[in-house]
Protein chains: 2
Amino acid sequence: MRSEKPKLAVIAETLGVSVATVSNALSGKGRVSPDLAERIRETARALAYVPSMAGRALRTGRSGVLGLVLPDISNPLFPQIAQAIEQAASTAGYGVLIGDSRGHTGVQTETIERLIDRGVDGMVVIPRRGTRISDIGCPVAVIDTPSTPGNTVSSDHWDGGRQMGAHLRALGHRKVLILAGSPLSTVQNDRVGGLKAGLGPGADVEVVWLETLASPNAPDLAPDRAPEHSLNLAARVEQGVTAFAALSDLTAVRALTELQGAGIAVPEAASVAGFDDLIWSSVVTPSLTTLRMDMAEIARLAVSALTAVIEGLPRARVAASGTVTAERSSVPMMLVVRQSTGPCRTIVPKAVEGIVR
Amino acid sequence: MRSEKPKLAVIAETLGVSVATVSNALSGKGRVSPDLAERIRETARALAYVPSMAGRALRTGRSGVLGLVLPDISNPLFPQIAQAIEQAASTAGYGVLIGDSRGHTGVQTETIERLIDRGVDGMVVIPRRGTRISDIGCPVAVIDTPSTPGNTVSSDHWDGGRQMGAHLRALGHRKVLILAGSPLSTVQNDRVGGLKAGLGPGADVEVVWLETLASPNAPDLAPDRAPEHSLNLAARVEQGVTAFAALSDLTAVRALTELQGAGIAVPEAASVAGFDDLIWSSVVTPSLTTLRMDMAEIARLAVSALTAVIEGLPRARVAASGTVTAERSSVPMMLVVRQSTGPCRTIVPKAVEGIVR
DNA sequence: CGTATTCGCTTAAACGATTAAGCAACGATG
DNA sequence: CATCGTTGCTTAATCGTTTAAGCGAATACG
């Protein structure tokens, strides 16, 4: 086997030119005759030359790697996000380094610093709810919650809520229970607001926050704590609730199975809807009506904003990093109507039926 | 603000010593007087010195980054894996770079090469089912399927199946339907084998493979295709099946909701069990009995095997990289009994009831 | 007392890429 | 013919770290 692993010097030596010329030819920057440039590219290909990221990083100060900071990987929304970001970053020529805060707000800062120390060129941050990302010394794109500068890209959660509300209203639902998670979440509050707006002024809407304020620092999902007590949804149905709008598919599936377990048919007796179109939503029976985020678009926006900033400021030191002029975008959500929502059955509780007519 | 960002030279200059001494002091390698060493560490701390990964990587040839190659991030098992690996790698001082094959076998090789080109020191690979990892030029730890050398760490899926089978047998189930995914998956075949063994020789076991051989290159989960046709589990119950053992919680939840939708009570009329303890399993009603992998342990083993190899071979070139002597380990799975499995109701189909007695 | 052997530090050479600056040669222009 | 500007390449410096080699001075040993 040819032991010499290809670096610029090898190509240079092969063709009898200098490394600088090779570098110029491959990057297309300096002045190289078209003829020679072609020959250089050719031998580079022949030798299967791959530039050393380390060497390049040292010289240019850029690593070609983005950090992905998550509040908690175990959040089931993560796969969608990770895949979209990885895809977008990868096509933009960047690698993605994982940073997980494991549900602790304090760890978030630490995680971010570890990534910076590793030399990421920028980072996509999905902040833990209620936290804001302080100005760190590198370009940041924040997903899903407004942050200090304008570098935020997010789904239009409010409008998503509105779409869902309108959908339920169109089906005739007037008494709706919203199953929410934590009142600290901006996202969830947006969705609640939109839902109420979409349901219209006459609707009878109640919100139940499943996560108590008592544990604001608990992990996003506390699976071992949550199922302790049932949500008592059957009682709600008897009280006249005809639709349950969960702010997450996780909760929606929980509601669905609880209702089914109590012998309440979905969607005949009560409708159930969720958010995020997690993978389960299409698999359960009945499949869940839900709102899907356009993760690909969000990721594309976040990454392109990031790369623009990164490749924009030439070799500036940490100095003017506040100049992170990313577009503040709002990406529409998409209503996916499946089987778990249906027309509202005229409210005729069995007990009263005889009396009414 | 002090503009000078701390590098070795700054510390050296501050104390009037040479950079080499500073490097030695901080790494603890060369010969430095304890006194000076302490002063160096102190000023390093004071200046908030962080070594440049780029510089170090260039010199040492090691980047301090591991690659994580996944067949498909959208697999709901991914969060568990990613979190465990990130945790293990992070405590071992390594970063984790994501590489996603998006369900395509062909992309897997490409993904691996991209990571190598990025200079990872080693990689954890969860191969697409049916594929083996050819000898690439860097240390590899393979999870969940036997690979070329001995560098594999995996759950004991067979024994997991056996545990589940034994559990069901203890509850009195003799007629069991196994809901499997793809027959190409070694993991799933192991689980099936274990299940059969655990259920004992007298049991009436049938296996249904949900994924046809027709689409061997399709993504792991085809959520839009899967729910097309129901699994027809109600009919199975009428045929006398009392327990459904799904090889994935995803399928288990699917089975659970389908049964509930058909008015079949779980676990009274039929038991349902799954694998992997995905986050949903504890949230649905009834909560799922399932088998949990010890992801933390698997990740720890994989990462430590990797780091051992990496830090073992000093600065050897690609030459003897075949010497990847990682331990081939099998990590036990843990049965989590919840509400979805219960004692087998003596089989007295309603239609026959009157006749029997 | 002369010669080894440590100790404690410095000098210097890598690692592989980028890039500013320089230098011949050549054609065009005054 | 002298000068200027291009073109096409090379020289050399630089990024920040590690590490082999070197070199006085102090200590040990015969």
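Proteins come first, then strands; the chains are lettered A, B, ... in the order of their sequence lines, and each starts at number 1.
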Difference in axis direction between the ends of the helix from C:dC1-D:dG30 to C:dG30-D:dC1, five pairs, 10°: 60°

Integer-rounded Å distance: D:dC15 P and B:Arg56 CZ: 19 Å

Set of side chain to side chain donor-acceptor pair (under 3.5 Å) partners for B:Glu38, sequence neighbours left out: B:Arg41

N/O (side chain, B:Tyr49) to phosphate O (OP1/OP2, D:dT17) under 4.0 Å: yes

Side chain to side chain donor-acceptor pair (under 3.5 Å) involving A:Gln108 - partner list, sequence neighbours excluded: A:Thr131

Any pair counted as ring-ring contact (aromatic ring centres under 6.0 Å, His included), so long as it reaches residues 10-41 of chain A, sequence neighbours left out: none

Side chain to side chain donor-acceptor pair (under 3.5 Å) involving A:Arg39 - partner list, sequence neighbours excluded: none

Pairs touching residues 81-90 of chain A that satisfy salt bridge (Lys or Arg N to Asp or Glu O under 4.0 Å), sequence neighbours left out: A:Glu86-B:Arg102, A:Glu86-B:Arg114

Counterpart residues, side chain to side chain donor-acceptor pair (under 3.5 Å), relative to B:Asp121 (two or more places apart): B:Ser63

All side-chain contact (heavy atoms from CB on, under 4.5 Å) counterparts of A:Ser23, not counting sequence neighbours: A:Leu8

A:Arg118 side chain vs B:Gly64 backbone, donor-acceptor pair below 3.5 Å: yes

Qualifying residues under salt bridge (Lys or Arg N to Asp or Glu O under 4.0 Å), relative to B:Glu297, sequence neighbours excluded: B:Arg300

Ring pair (Phe, Tyr, Trp, His ring centres under 6.0 Å) involving A:Phe78 - partner list, sequence neighbours excluded: B:Phe78

Each nucleotide N or O in nucleotides 6-8 of chain D that has a protein N or O under 3.5 Å away: list the pair and distance.
unit_1 : atom_1 : unit_2  : atom_2 : d
D:dG8  : N7     : A:Arg31 : NE     : 3.2
D:dG8  : N7     : A:Arg31 : NH2    : 3.4
D:dG8  : O6     : A:Arg31 : NH2    : 2.7

Sugar-phosphate only, base, or nothing, as touched by B:Ser23 at under 4.0 Å among non-hydrogen atoms: base

Please list, pair by pair, any protein nitrogen or oxygen found under 3.5 Å from a nitrogen or oxygen in nucleotides 11-14 of chain D.
unit_1 : atom_1 : unit_2  : atom_2 : d
D:dT14 : O2     : A:Arg59 : NH1    : 3.0

